[in-house]
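What you are looking at is a predicted structure, and each value in this text was computed from that prediction instead of being measured. Hydrogens, waters and symmetry mates are skipped; everything else that's a heavy atom, side chains included, is used.
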Amino acid sequence: MSGGRVEEEKEHTKSEMLPKYPHHHHRQQHHLVLIHGIGHGAWCWYKIRCLLEASGYKVTCLDLKGAGIDQSDPNTILTFQDYNKPLINFLSHLPLDEKVVLVGHSVGGMSLTDAIHRFANKIHMAIYVAATMLEHGFSTHQDFKDGKPDLSAFGNVVKFIYGLGPDQPPTSAIMKENFQHQILYQMSTLEDSTLASMLLRPGPVLALQGARFERTADAADCVPRVYIKTMQDHVIKPEQQDAMIKRWPPSQVFVLDSDHSPFFSTPFVLFGLLVKALASIKCS
């Protein structure tokens, strides 16, 4: 009988861990589209998707080209337009009367910016999580300084792949497995870090470094942007995040005591910040 009581208490504790948010009608209308960073895939959002869907939100997690379960060889993806095609196709086929909320992690922020310039009328809000937020992409030396990770302090941590030949720039790259937990997931559980090490794929660095955006309409200014800053980030350092925030100020900034991967290390807190950001959306 005591064993049954222990199990009952465990279940009660689990239920108390879930955030309690009322299910207002306007909340259930929000459709979030989650975009991963380099090397990751839709799989990295599994905790956040669970929390959002349990709270009544509609969620779509996309694999960009060559990522997740997409079968494309990342060494054949040479332009950012090709890499971001799954998101652009998704937005292109949205019903005319539907808007979504975009959430991008790390270099997934570039996908959000591309979408803002192209489909401002289909986006309620863009939320950048530890993300590269550059209005014009990698167009200047300052853009690279602010938005490109500098991992030199950790040594030789990246494996580059030269799909166009050894005398050409690398086409893809992946962080060496023995550095992944230390750099990407140092505040995350070993279970999540191990899962990620089994699923990470080389990312198309040549395509990403070539990402440049031209302002086509002032409509992009009508899309509210939110930045979630990660204070223990070894990849996009807090000072880099501050620089991008200063250069292209978002409407809101939240601060999170997290490593580069808060979807693993602090999922409940990240979920709470997403809900807080969504509450500021003015339905139209």
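Distance check: T189 OG1 to Y185 OH gives 11.0 Å after rounding to the nearest 0.5 Å. Taken to the nearest 0.5 Å, the CG atom of L91 stands 4.5 Å off from the CG atom of L87. Annotation: the span from L51 atom CG to W45 atom CH2 amounts to 12.5 Å, rounded to 0.5 Å. Here S72 contributes atom OG and K85 contributes atom NZ; the two are 9.0 Å apart, rounded to the nearest 0.5 Å. Between the CH2 atom in W248 and the CG atom in D146 there is a gap of 13.5 Å [rounded to 0.5 Å]. Note that OG of S111 and CG of L102 are 9.5 Å apart. Values are rounded to the nearest 0.5 Å.
Annotation: side-chain contact (heavy atoms from CB on, under 4.5 Å) contacts of T266 (sequence neighbours excluded): L256, S258, P262, V269. With sequence neighbours left out, P86 forms a side-chain contact (heavy atoms from CB on, under 4.5 Å) with L64, K65. Every side-chain contact (heavy atoms from CB on, under 4.5 Å) that I88 has, sequence neighbours left out, goes to N84, S92, D114, R118, F119. A search for side-chain hydrogen bond (donor to acceptor under 3.5 Å, both in side chains) contacts involving T76 returns nothing, not counting sequence neighbours.
Looking at every heavy atom in both residues, D233 comes nearest to A130 through OD2-CB, 3.5 Å. Counting all heavy atoms, side chain and backbone alike, F213 lies closest to L134 at CD1-O, 4.2 Å. Considering every non-hydrogen atom in both A173 and V158, the closest pair reads CB-CG1, 3.6 Å. Heavy-atom minimum distance, I281 versus H124: CG2-ND1, 3.8 Å. Taking all atoms of both residues into account, the shortest heavy-atom contact from L112 to A126 is CD2-CB, 4.0 Å. Pairing each heavy atom of F179 with each of N156, the nearest pair is CE1-O, 3.7 Å.
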Just do the side chain to side chain donor-acceptor pair (under 3.5 Å) check on H181 and Q186 with the steps written out, would you?
CA-CA 5 Å; H181 183 77; Q186 81 271 15; over 6 Å; no

Can S280 and Q252 be said to form a side chain to side chain donor-acceptor pair (under 3.5 Å), step by step?
CA-CA 10 Å; S280 69; Q252 298 182 81; 2.9 Å; yes

Would you check, one step at a time, whether the test side chain to side chain donor-acceptor pair (under 3.5 Å) holds for T113 with Y128?
CA-CA 10 Å; T113 302; Y128 293 74; 2.9 Å; yes

Let's go through M125 and V223 carefully: what are the C-alpha distance in whole Å and the side-chain angles of both, what is the deciding distance for side-chain contact (heavy atoms from CB on, under 4.5 Å) to 0.1 Å, and is it a yes or a no?
CA-CA 6 Å; M125 174 179 283; V223 178; 5.6 Å; no

Would you check, one step at a time, whether the test side-chain contact (heavy atoms from CB on, under 4.5 Å) holds for I174 with K159?
CA-CA 5 Å; I174 187 169; K159 177 184 177 183; 4.2 Å; yes

Can V33 and V101 be said to form a side-chain contact (heavy atoms from CB on, under 4.5 Å), step by step?
CA-CA 6 Å; V33 181; V101 174; over 6 Å; no

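Judged by distance alone, with hydrogens and angles left aside, the side-chain atoms of R49 form no donor-acceptor pair with the main-chain N or O of T60 at under 3.5 Å. Between the side chain of T132 and the main chain of G109, no donor-acceptor pair closer than 3.5 Å is present. Side chain of S139 to backbone of R212: no donor-acceptor contact under 3.5 angstrom is found. A donor-acceptor pair under 3.5 Å is absent between the side-chain atoms of S172 and the main chain of P204, judged by distance alone. Listed for the D63 side chain is a donor-acceptor partner under 3.5 Å among the backbone atoms of A42. Counting only distance, with no hydrogens or angles, the side chain of H117 and the backbone of A115 share no donor-acceptor pair below 3.5 Å. The backbone N or O of P249 lies less than 3.5 Å from a partner atom in the side chain of R225, making a donor-acceptor pair. In this structure, the side chain of S197 engages the main chain of T194 through a donor-acceptor pair within 3.5 Å. Without hydrogens or angle criteria, K229 side chain to F254 main chain gives no donor-acceptor distance under 3.5 Å. Checking side-chain atoms of T171 against main-chain N and O of I161 turns up a donor-acceptor pair under 3.5 Å.
A heavy-atom distance below 4.5 Å is not found between the side chains of I77 and L206. Under the 4.5 Å side-chain criterion, counting only non-hydrogen atoms from C-beta, T230 is in contact with Q241. A heavy-atom distance below 4.5 Å is not found between the side chains of Y227 and V255. Side-chain contact between I183 and V235 is present, with heavy atoms from C-beta onward closer than 4.5 Å. A heavy-atom distance below 4.5 Å is not found between the side chains of T79 and Y83. Side-chain contact check for S193 versus S188: every heavy-atom pair is 4.5 Å or farther apart. H234 places a side-chain heavy atom less than 4.5 Å from the side chain of F154. Annotation: side chain of L184 is in contact with side chain of M175 (closest heavy-atom distance under 4.5 Å).
When the side chains of ILVMFWY residues are joined at heavy-atom separations under 4.5 Å, either directly or via intervening members, L199 and L34 end up in a single hydrophobic cluster. Residues L270 and M187 are members of separate hydrophobic clusters, defined by side-chain heavy-atom contacts under 4.5 angstrom among Ile, Leu, Val, Met, Phe, Trp and Tyr. Hydrophobic clustering (side-chain heavy atoms under 4.5 Å, transitive across Ile, Leu, Val, Met, Phe, Trp, Tyr) groups W43 together with L52. Placement of F80 and L78 in two distinct hydrophobic clusters is found when ILVMFWY residues are connected by side-chain heavy-atom separations under 4.5 Å, directly or transitively. Linking ILVMFWY residues whenever their side-chain heavy atoms come closer than 4.5 Å, directly or via other members, places L151 and I236 in the same cluster.
Counting only residues at least two apart or in different chains, ring-ring contact (aromatic ring centres under 6.0 Å, His included) contacts with residues 132-152 comprise F138-F144. Applying the ring-ring contact (aromatic ring centres under 6.0 Å, His included) test to every pair with at least one member in residues 93-114, sequence neighbours left out, gives these pairs: H105-H260, H105-F263.
In summary, D143 and K148 do not engage in a salt bridge, as defined by a charged side-chain N under 4.0 Å from a carboxylate O. Here K237 does not pair with D150 in a salt bridge; the nearest charged N to carboxylate O distance is not below 4.0 Å.
Residue-environment remark: NZ (K276) stays at or below the threshold of 12 foreign heavy atoms within 6.0 Å. At most 12 non-hydrogen atoms from other residues, nucleotides or ligands lie less than 6.0 angstrom from CD of Q71.
Neither side chain, D259 nor S261, offers a donor N or O lying under 3.5 Å from an acceptor on the other.
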